[in-house]
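Beneath this line is the structure, given in structure tokens, with notes to follow.
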Amino acid sequence: MKKFNNKNGTLYIIPTPIGNLNDITKRAIKIFKKVDIITTENIQHTNILLKKLKIKKKMFNMQIFNEKKQSKKIIKKLKQKKNIAIVSNAGTPLINDPGYYLIKLCYLNKIKIIPLPGPCAAITALIASGMSSNKFCYEGFLPKKKKKRIKIIKKIKKETRTTILYESPKRIIKCIKDIKKIMGNKKKITLAKELTKKWEKIKKNTTKNILKWLKKNKKNRKGEITIIIKGYKKKKKKKINKKIFKLFNILKKYLKFNKLIKIISKIYKIKKNKLYKKILKYRDKKI
Ligand code: SAM
């Protein structure tokens with residue numbers, strides 16, 4: 001068990017709403033009131049939520065580009081016994097948002113961390129996607145550079161679990177076009193747009209139809225979007241089973257080998273050369 005130093009403050013990781021401000025939890029509000037400082041990606045944005053909750057707090061800014069420098073400053077404050085909450089712009093901190101480096105430093109400095117459950121676009125989109133949700137993988141944003149993006153999409157093509165992607169409205173057409181090109185017109189995807197907001201839209205369809213819908217109207221590609229991709233289903237290999245060998249053994253007395261292969265391959269829809277090789281192997285076996 002990790003021992004924490006009681007002389008330090010505690011870091012609370014607090015998810016915030018992804019659109020609907022009512023999605024803040026009672027526990028989050030209680031902690032916002034209790035902590036000394038709230039560290040956030042965007043002070044103005046977090047202020048909208050705090051104003052609604054009638055909470056005034058000292059805030060500290062931490063973004064991806066200054067994460068390391070700011071994390072060290074936060075650690076200093078925690079060591080001064082200050083209790084701090086980390087929030088992101090929206091949703092769960094650390095999920096494609098700053099915070100990971102700070103948590104790592106907390107472990108190194110034996111500072112206690114208390115995480116809260118709450119809103120996350122990835123999970124909200126997944127549960128609404130109509131796709132398998134027990135096993136999934138989260139890929140975040142695809143690379144902006146085409147070559148790298150294509151490479152990742154090719155990997156996702158063979159992923160058997162449901163995949164979750166974030167994408168910006170600026171790149172959504174390019175992204176879906178690439179997915180369609182690599183995974184095919186019929187690949188099933190779900191677009192979850194503006195979740196928890198007034199214009200929430202959840203569309204489950206093939207890549208071809210989703211692309212058509214996105215192109216049809218500018219409005220369709222506006223707002224925040226999460227993409228869910230159906231997992232890859234391995235094609236079942238047709239097994240040449242005992243029944244086929246038995247049939248072969250019975251008929252071989254009446255028909256020539258090649259003729260027999262032709263008939264059996266037609267009945268069982270197995271490729272002739274595959275059947276040929278297997279039967280040759282088992283020809284003399286008594287089944
Ligand atoms: N940490 C956040 C979370 O837990 O959801 C995600 C932050 S990431 C920088 C922002 C991306 O999340 C957006 O570009 C979009 O892909 C997705 N997203 C955020 N809010 C969303 C919403 N209301 N509906 C659909 N997707 C959303």
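Numbers here are sequence positions counted from 1. Start at 1 and go down the list; that is how both ligands and their atoms are numbered. Note that the structure is predicted; figures quoted are calculated from it, not measured.
N8 and K110 share no donor-acceptor pair across their side chains, judged by distance under 3.5 Å alone. At a cut-off of 3.5 Å, with distance as the only test, no side-chain donor of Y276 or N258 sits close to an acceptor on the other residue.
Distance check: I189 CD1 to T162 OG1 gives 13.0 Å after rounding to the nearest 0.5 Å. Here CD1 of I210 is found 4.5 Å from CG of L191. Values are rounded to the nearest 0.5 Å.
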Just list the side-chain donor-acceptor pairs under 3.5 Å for residues 45-54, sequence neighbours left out, or say none.
residue	atom	partner	partner atom	Å
H45	NE2	N89	O	3.2
T46	OG1	T40	OG1	2.6
T46	OG1	N42	O	3.1

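At a heavy-atom cutoff of 4.0 Å, ligand 1 is surrounded by I18, A90, G91, T92, I95, N96, D97, C120, A121, F141, Y166, E167, A192, E194, L195, K197, E224, I225, T226.
Comment: D36 does not engage K57 in a salt bridge, judged by the lack of any side-chain N to carboxylate O separation of less than 4.0 angstrom.
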